[in-house]
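Just so you know, these numbers use all the heavy atoms, side chains as well, and skip hydrogens, waters and symmetry mates.
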Amino acid sequence: MNAPNYVLHPSLMYGMWSGWDSKPVSTKPKFYADATELGIEVMGKLSEEAVAVSKALQETCPSLNVVPIIGIYDWLLSAYDNKIADKTNLYTAVRSNEAYAQIYHPLKSVEGGRFVPDFSSRYLTEDIAFGLLPTRGIAEIVKVPTPTMDTVILWAQKI
């Protein structure tokens with residue numbers, strides 16, 4: 001539960017593409033530097049839900065020795081402190097992280113030099129299947145509501 005990709009990737013994919021009109025785009029959006037406010041909001045909420053699940057699991061099953069997880073903002077600061085230009089909040093930290101500056105959304109090229117999102121990328125196929133879904137399953141067992149996880153999972157099932 002402590003690997004952050006299942007919080008980072010699906011949230012930013014959701015933020016960029018959940019309202020997509022299915023028309024190809026002319027430019028390649030950067031994955032982190034062009035992160036939308038919605039994507040960052042979803043990231044924060046997914047993180048809060050994951051932390052709540054971790055805490056509930058620790059309380060419910062103390063013999064498991066669950067390693068506590070930290071929120072995504074704190075994780076970013078601990079992992080990339082010297083690479084983040086603006087640490088004001090989660091939104092600015094994600095968008096100003098030098099380590100992420102040249103990472104682009106997973107895209108497929110289509111005619112006319114345009115692009116469409118690649119929904120078969122690991123950002124969705126792996127991070128949801130091996131991160132969000134197991135966390136959501138544990139949440140159900142320990143009775144932690146996960147409305148944001150549910151929203152992202154249901155969106156990913158439809159695309």
Side-chain angles (χ1 to χ4, degrees), residues 1-57 60 66-76 79-80 89-97 99-112 114-159:
M1 286 177 64
N2 216 9
N5 286 350
Y6 74 100
V7 170
L8 289 167
H9 298 155
S11 62
L12 296 182
M13 291 289 286
Y14 180 86
M16 183 64 70
W17 304 110
S18 64
W20 182 53
D21 61 7
S22 298
K23 294 179 183 172
V25 297
S26 59
T27 59
K28 295 179 178 182
K30 291 186 176 181
F31 196 71
Y32 299 95
D34 292 332
T36 65
E37 288 184 26
L38 174 61
I40 302 295
E41 178 184 341
V42 168
M43 182 186 296
K45 288 179 180 179
L46 285 179
S47 177
E48 290 169 5
E49 291 175 7
V51 168
V53 170
S54 173
K55 286 180 182 176
L57 184 58
T60 305
V66 175
V67 176
I69 65 171
I70 61 173
I72 195 65
Y73 178 71
D74 292 331
W75 180 87
L76 283 167
Y80 295 104
N89 54 45
L90 182 58
Y91 181 78
T92 61
V94 168
R95 290 177 58 104
S96 71
N97 186 345
Y100 293 157
Q102 296 305 315
I103 299 173
Y104 290 86
H105 270 269
L107 302 167
K108 294 179 182 178
S109 295
V110 294
E111 72 177 65
R114 298 175 73 79
F115 308 94
V116 296
D118 182 358
F119 293 129
S120 67
S121 86
R122 68 180 177 85
Y123 288 178
L124 295 177
T125 60
E126 294 177 15
D127 294 330
I128 290 179
F130 301 109
L132 281 185
L133 288 174
T135 303
R136 174 60 181 87
I138 294 168
E140 190 166 328
I141 293 167
V142 297
K143 299 182 180 12
V144 171
T146 56
T148 307
M149 282 186 202
D150 295 345
T151 297
V152 173
I153 290 167
L154 289 172
W155 167 74
Q157 288 175 336
K158 292 176 187 174
I159 54 174

Asker: Could you give me the CA-CA distance, side-chain angles and deciding distance for W75 and Y80, then say whether side-chain contact (heavy atoms from CB on, under 4.5 Å) is met?
Answerer: CA-CA 8 Å; W75 180 87; Y80 295 104; 3.8 Å; yes
Asker: Would a 4.5 Å heavy-atom cut-off, applied to side chains only, mark F31 and P106 as touching?
Answerer: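 When only atoms from C-beta onward are counted, P106 and F31 do touch, with a gap below 4.5 Å.
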Asker: Would you list the pairs meeting side chain to side chain donor-acceptor pair (under 3.5 Å) in which at least one residue belongs to residues 23-40, sequence neighbours left out?
Answerer: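 Residue pairs with at least one partner in residues 23-40: H9-Y32.
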Asker: Could you report the tightest heavy-atom contact between I40 and A35, atom names first, then the distance?
Answerer: CD1-CB, 3.7 Å
Asker: Ignoring hydrogens, what is the shortest heavy-atom contact between V110 and V116? Give both atom names and the distance.
Answerer: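 Minimum heavy-atom separation between V110 and V116: CG1-CG2, 3.9 Å.
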Asker: Given side chains that start at C-beta, do those of P117 and W20 come closer than 4.5 Å, heavy atoms only?
Answerer: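 P117 reaches W20 side chain to side chain.
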Asker: List the atom of P24, the atom of R114, and the distance in Å for their closest heavy-atom pair.
Answerer: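 Nearest heavy atoms, P24 then R114: O-NH2, 2.9 Å.
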Asker: Taking the side chain from S11 and the backbone from L8, do they hold a donor-acceptor pair closer than 3.5 Å?
Answerer: yes
Asker: Contact between F115 and Y104 at the side-chain level, heavy atoms closer than 4.5 Å - yes or no?
Answerer: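 In short, these two side chains do not touch, never coming nearer than 4.5 Å.
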Asker: Do you know the tightest heavy-atom contact between P4 and I72?
Answerer: CB-CD1, 3.6 Å
Asker: Roughly how far, to the nearest 0.5 Å, is the OH atom of Y123 from the CD1 atom of I128?
Answerer: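 Spacing of CD1 (I128) from OH (Y123) equals 13.5 Å.
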Asker: Looking only at non-hydrogen atoms, find the nearest pair between V42 and V152 and report the distance.
Answerer: CG1-CG2, 3.7 Å
Asker: Does anything in residues 148-159 form a side chain to side chain donor-acceptor pair (under 3.5 Å)? List the pairs, not counting sequence neighbours.
Answerer: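 Pairs touching residues 148-159 that pass the test: E49-T148, R136-D150, T146-D150.
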Asker: Could I get the full list of salt bridge (charged side-chain N to carboxylate O under 4.0 Å, His left out) partners for E48, not counting sequence neighbours?
Answerer: none
Asker: So, for M43 and V94, which heavy atoms are closest and what is the spacing to 0.1 Å?
Answerer: SD-CG2, 3.9 Å
Asker: Quick one, M16 and P29 - any side-chain contact, counting heavy atoms below 4.5 Å?
Answerer: yes
Asker: Hey, could you give me the CD1/CG distance between I159 and L124, rounded to the nearest 0.5 Å?
Answerer: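 So the gap between those two atoms works out to 5.0 Å.
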Asker: Roughly how far, to the nearest 0.5 Å, is the CD1 atom of I103 from the CG atom of N97?
Answerer: 8.5 Å
Asker: Could you give the distance from CG (L46) to CD (E41), rounded to the nearest 0.5 Å?
Answerer: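 One gets 10.5 Å once the value is rounded to the nearest 0.5 Å.
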Asker: Is the backbone of A56 close enough, under 3.5 Å, to the side chain of T60 for a donor and an acceptor to pair up by distance?
Answerer: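 Between the backbone of A56 and the side chain of T60 there is a qualifying donor-acceptor contact (under 3.5 Å).
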Asker: Rounded to the nearest 0.5 Å, what separates atom OG in S121 from atom CE in M13?
Answerer: 4.5 Å
Asker: Would you confirm whether S54, through its side chain, and A50, through its main-chain N or O, come within 3.5 Å as a donor-acceptor pair?
Answerer: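 Side chain of S54 to backbone of A50, a donor-acceptor pair under 3.5 Å: no, none is there.
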Asker: When rounded to the nearest 0.5 angstrom, what is the spacing between CD1 in I138 and CG in L133?
Answerer: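 Separation between the atoms: 11.0 Å.
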Asker: Could you check whether any side-chain heavy atom of V53 comes within less than 4.5 Å of a side-chain heavy atom of V144, counting everything from C-beta outward?
Answerer: yes
